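Just below is one structure, and these are the notes that go with it.
All ligand and atom numbering here is 1-based and tracks the order in the structure. Note that this is a predicted model, so its numbers are computed, not measured.
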Amino acid sequence: MPETSKRGGSPRSKRGGSRPIVGVLGGSKSDFPILEKAVAILNELGIANELIVVSAHRTPDRLFAYAEEADARGIEVIIAGAGGAAHLPGMLAAKTHLPIIGIPIPTEHLRGLDSLLSIVQMPRGIPVATVAIGGAENAGLLAAQILAGRYPEVAVRVKSFRHAQTTHVLQSPEAGGSVADCTPSLRQPRRL
Ligand code: RP5
C-alpha cells in the first residue's frame, strides 16, 4: 500500500509495519462489523490505522490512557463507534485535542437513536463530528478529508474516490443517457 508522507517531511506512515495515524475504536467487539467499513475505506485510501476495543464503561482507564497517549503515538484522527449509552466518543473528545468522529452504532431496541443522541448532543466546547447511525464509511472518508490538508497524496486519493463514485453513478443504467449533460462542468449558468 502506498505511503502516506507528511508535507514537510518528518514521520512517514504506511499500512502494515508503520504506525497508525487513525485510531478506530469500538465500545465492544460487537461493534466491529460496522467499524470495519471505516477501516476498509481507510485502507482503500492508503491510510494506516488501528482497530481496537476501548469501552467508556467497561475499561474507563484504558479510554483515558488511549486518549492521553494518542497524540504522542502519532494518531491524528480518532473514529469512535459506540451503541446505547454511547459515551466513548464524547469522553475521548474530553481527554484529547485530536478530532473525534463519532459513529452511532445501531442497537436492538432503539435502532441506534439512543446512540445517535448520546453522541451528537455534546456540550459547547467539546465537539464530536457525528456521522449517521451506522455511517462508518462516511467516518472513514471524513477522517481522510481531515488528513488531506496535511497529506497531499491523501487529497489526491479522496478526489479520485469522488470522481470514481460520480462516474459510477452517471454510467449506471438507472442514470439514463441525458444525465451527463447535467454535470457541473457542462451545465450552463442559469439566467434569472
Ligand atoms: C456499547 O454497548 C458498545 O459500543 C456496544 O455497541 C454496546 C453493546 O455491547 P456488547 O454488550 O455487545 O458488548 O458499549
Side-chain angles (χ1 to χ4, degrees), residues 1 4 13 15-16 18-148 154 158 161 165:
M1 194 161 292
T4 298
S13 301
R15 182 76 183 149
S18 292
R19 62 178 171 74
I21 58 174
V22 175
V24 183
L25 276 50
S28 167
K29 192 155 187 235
S30 64
D31 299 331
F32 277 20
I34 298 283
L35 299 179
E36 280 162 1
K37 296 175 188 173
V39 169
I41 288 285
L42 293 169
N43 289 344
E44 184 177 339
L45 297 173
I47 298 170
N49 61 84
E50 62 185 6
L51 173 63
I52 59 175
V53 171
V54 177
S55 170
H57 305 118
R58 294 169 178 155
T59 65
D61 294 340
R62 179 172 163 82
L63 185 164
F64 273 39
Y66 187 93
E68 286 170 351
E69 294 166 11
D71 183 33
R73 290 181 52 236
I75 298 293
E76 299 183 38
V77 181
I78 297 174
I79 294 171
H87 295 127
L88 176 61
M91 284 308 298
L92 287 164
K95 291 292 288 181
T96 177
H97 67 282
L98 296 176
I100 308 292
I101 302 170
I103 306 174
I105 300 292
T107 53
E108 183 182 350
H109 298 294
L110 297 175
R111 301 168 66 187
L113 185 59
D114 43 354
S115 321
L116 172 65
L117 296 179
S118 294
I119 294 174
V120 79
Q121 291 289 7
M122 287 298 291
R124 178 169 50 86
I126 308 291
V128 168
T130 308
V131 296
I133 297 170
E137 293 94 342
N138 272 1
L141 286 169
L142 183 55
Q145 289 175 229
I146 292 169
L147 293 165
V154 172
V158 168
F161 178 94
Q165 181 172 249

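- Regarding atom 7 (C) of ligand 1, its nearest protein heavy-atom neighbour is G83 O, 4.0 Å.
- Closest to atom 4 (O) of ligand 1 among all protein heavy atoms lies D31 OD2, 2.6 Å.
- Within the structure, ligand 1 has R58 among the residues with a heavy atom less than 4.0 angstrom away.
- Among all non-hydrogen protein atoms, the one lying nearest atom 8 (C) of ligand 1 is S30 OG, 4.1 Å.
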Only distances under 3.5 Å count here; give the side-chain donor-acceptor pairs of residues 96-106 to other protein atoms, sequence neighbours excluded, each with its distance to 0.1 Å.
residue	atom	partner	partner atom	Å
T96	OG1	L98	N	3.1

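- T107 places no side-chain N or O within donor-acceptor distance of the main-chain N or O of D114, the cut-off being under 3.5 Å.
- Counting protein heavy atoms only, atom 10 (P) of ligand 1 is closest to S28 OG, 3.4 Å.
- In terms of modelled atom types and a separation under 3.5 Å, the side chain of D71 and the main chain of E69 share no donor-acceptor contact.
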Q) Should R62 and V53 be marked as a side-chain contact (heavy atoms from CB on, under 4.5 Å) after you check the CA-CA gap, both sets of side-chain angles, and the distance that decides it? A) CA-CA 9 Å; R62 179 172 163 82; V53 171; 5.5 Å; no
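- For R73, the CZ atom sits in a packed shell: over 12 heavy atoms of surrounding residues, nucleotides or ligands are nearer than 6.0 Å.
- In terms of modelled atom types and a separation under 3.5 Å, the side chain of R19 and the main chain of A48 share no donor-acceptor contact.
- Of all atoms in ligand 1, listed by their number and element, those nearer than 4.0 Å to a heavy atom of A82 are 4 (O).
- Residue S55 has no N or O atom closer than 3.5 Å to an N or O atom of ligand 1.
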